[in-house]
Amino acid sequence: MLETPLTRHAGIETPLICGAMYPCSNPELVAAVSDAGGIGIIQPISLTYVHGHEYREGLRLIRRLTAKPVGMNALIEASSRRYHERMVQWVSIALEEGVRFFITSLGNPKWVAERVHAAGGYVYHDVTERKWGLKGRDAGVDGLIAVNRRAGGHAGPKSAEQLLEELGDLGLPLVCAGGIGDAADFVAALRMGYAGVQMGTRFIATTECRASAVYKQAIVDANEADIVLSERITGVPVAVINTPYIQRMGLKAGPLARWMLRGRRTKNWMRTIYALKSIWQLKRSSLDESGNKDYWQAGKSVAHIASVEPAGAIVRRFREAALAATAGSR
Ligand SMILES: Cc1cc2nc3c(=O)[nH]c(=O)nc-3n(C[C@H](O)[C@H](O)[C@H](O)COP(=O)(O)O)c2cc1C
């Protein structure tokens with residue numbers, strides 16, 4: 001169960017990805033997951049804007065913390081030319097610094113696949129349903145990350161079982177993202193036929209993650225019913241903990257935002273406004289120890305997260321459980 005196309009493509013021992021997280025991916029967390037045999041994914045805006053590293057220097061810092069492979073997340077948002085140019089530059093620098101595993105989200109990953117393949121690397125693409133899976137396959141990606149409805153961040157509409165079924169014939173390895181909180185969830189996903197898992201929420205509640213102590217504790221304390229989808233942060237539903245602040249704000253986008261999101265021309269402005277606002281708001285609330293204005297992103301995996309612990313201990317425990325399950329089924 002532990003040797004899969006994902007472990008071969010990423011050059012890792014355990015098919016476990018610490019997914020990119022804006023604003024929670026800091027270099028120490030990325031490095032700790034990779035060092036333990038999984039793979040940590042760099043989120044460039046989190047690395048630079050939230051955690052204050054010049055991009056190339058941040059990559060080199062991670063390299064000093066671990067010699068094992070790390071990955072990079074390229075969010076392909078085509079609405080701003082400046083953003084696209086910046087992303088092209090970030091991908092090139094990552095390649096120069098030795099990164100060979102990339103995860104793309106949104107948009108068309110073709111240009112990333114072409115560049116990364118030319119350097120001998122691999123690209124996996126985040127998808128929430130079949131039409132995006134087909135687009136990823138046609139763009140030449142090497143694997144798909146099936147983001148299900150239990151995921152933290154921008155969750156999809158489908159279950160892990162449905163995604164496995166509707167993406168299964170595309171001829172690409174599938175990684176399960178969403179709802180994995182403990183070792184039993186990890187083993188269950190591998191048993192279902194996934195080539196690996198991508199986890200976010202579980203890795204926020206770790207000693208290496210720089211998120212505030214109150215945010216981590218809220219993840220440990222929350223159960224599944226405490227996770228709600230809010231449109232108020234980015235204009236599309238994002239999974240968050242239903243704190244008193246979220247309850248006061250409501251979950252729907254305001255009337256002006258809704259009207260702008262419907263218009264053909266105003267849609268892009270509104271998206272840009274949301275992107276800038278959410279970048280600032282999420283940075284503030286992930287680091288603020290007072291917990292007053294808390295936009296705490298988390299998925300339904302909170303149900304199985306019982307303590308804050310080192311990221312490496314999680315990776316090793318999950319590996320042991322998969323090894324034990326393999327031995328048991330022989
Ligand atoms: C706080 C948070 C921030 C996230 N930010 C990003 C991001 O910037 N880019 C991305 O592709 N996915 C992002 N995700 C999704 C994760 O990479 C991963 O797919 C997801 O967390 C898996 O679900 P889980 O939280 O149930 O483990 C984020 C998730 C969380 C919880």
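All figures in this text were calculated on a predicted structure; none of them were measured in a lab. When a ligand or atom number is given, it counts from 1 through the structure's own listing order.
- Summarising the local packing, NZ of Lys283 is surrounded by more than 12 heavy atoms from other residues, nucleotides or ligands at distances under 6.0 Å.
- With 3.5 Å as the limit, one finds a donor-acceptor pair spanning the side chains of His117 and Asp142.
- Each of Arg63, Arg60, Met72 was evaluated against Glu97; a single residue qualifies, Arg60, per the side chain to side chain contact (heavy atoms under 4.5 Å, CB included) test.
- A heavy-atom cutoff of 4.0 Å around ligand 1 is satisfied by the protein residues Gly19, Ala20, Met21, Tyr22, Gln43, Asn73, Ser105, Asp126, Arg150, Ala151, Gly152, Gly153, Ala177, Gly178, Gly179, Gln198, Met199, Gly200, Thr201, Ile204, Tyr215, Gln297, Ser301.
- For Phe101, the ring-ring contact (aromatic ring centres under 6.0 Å, His included) partners two or more places apart in sequence, or in a different chain, are Tyr124.
- At a cut-off of 3.5 Å, with distance as the only test, a side-chain donor of Thr14 or Arg319 sits close to an acceptor on the other residue.
- Within 6.0 Å of CD in Glu96 there are more than 12 heavy atoms belonging to other residues, nucleotides or ligands.
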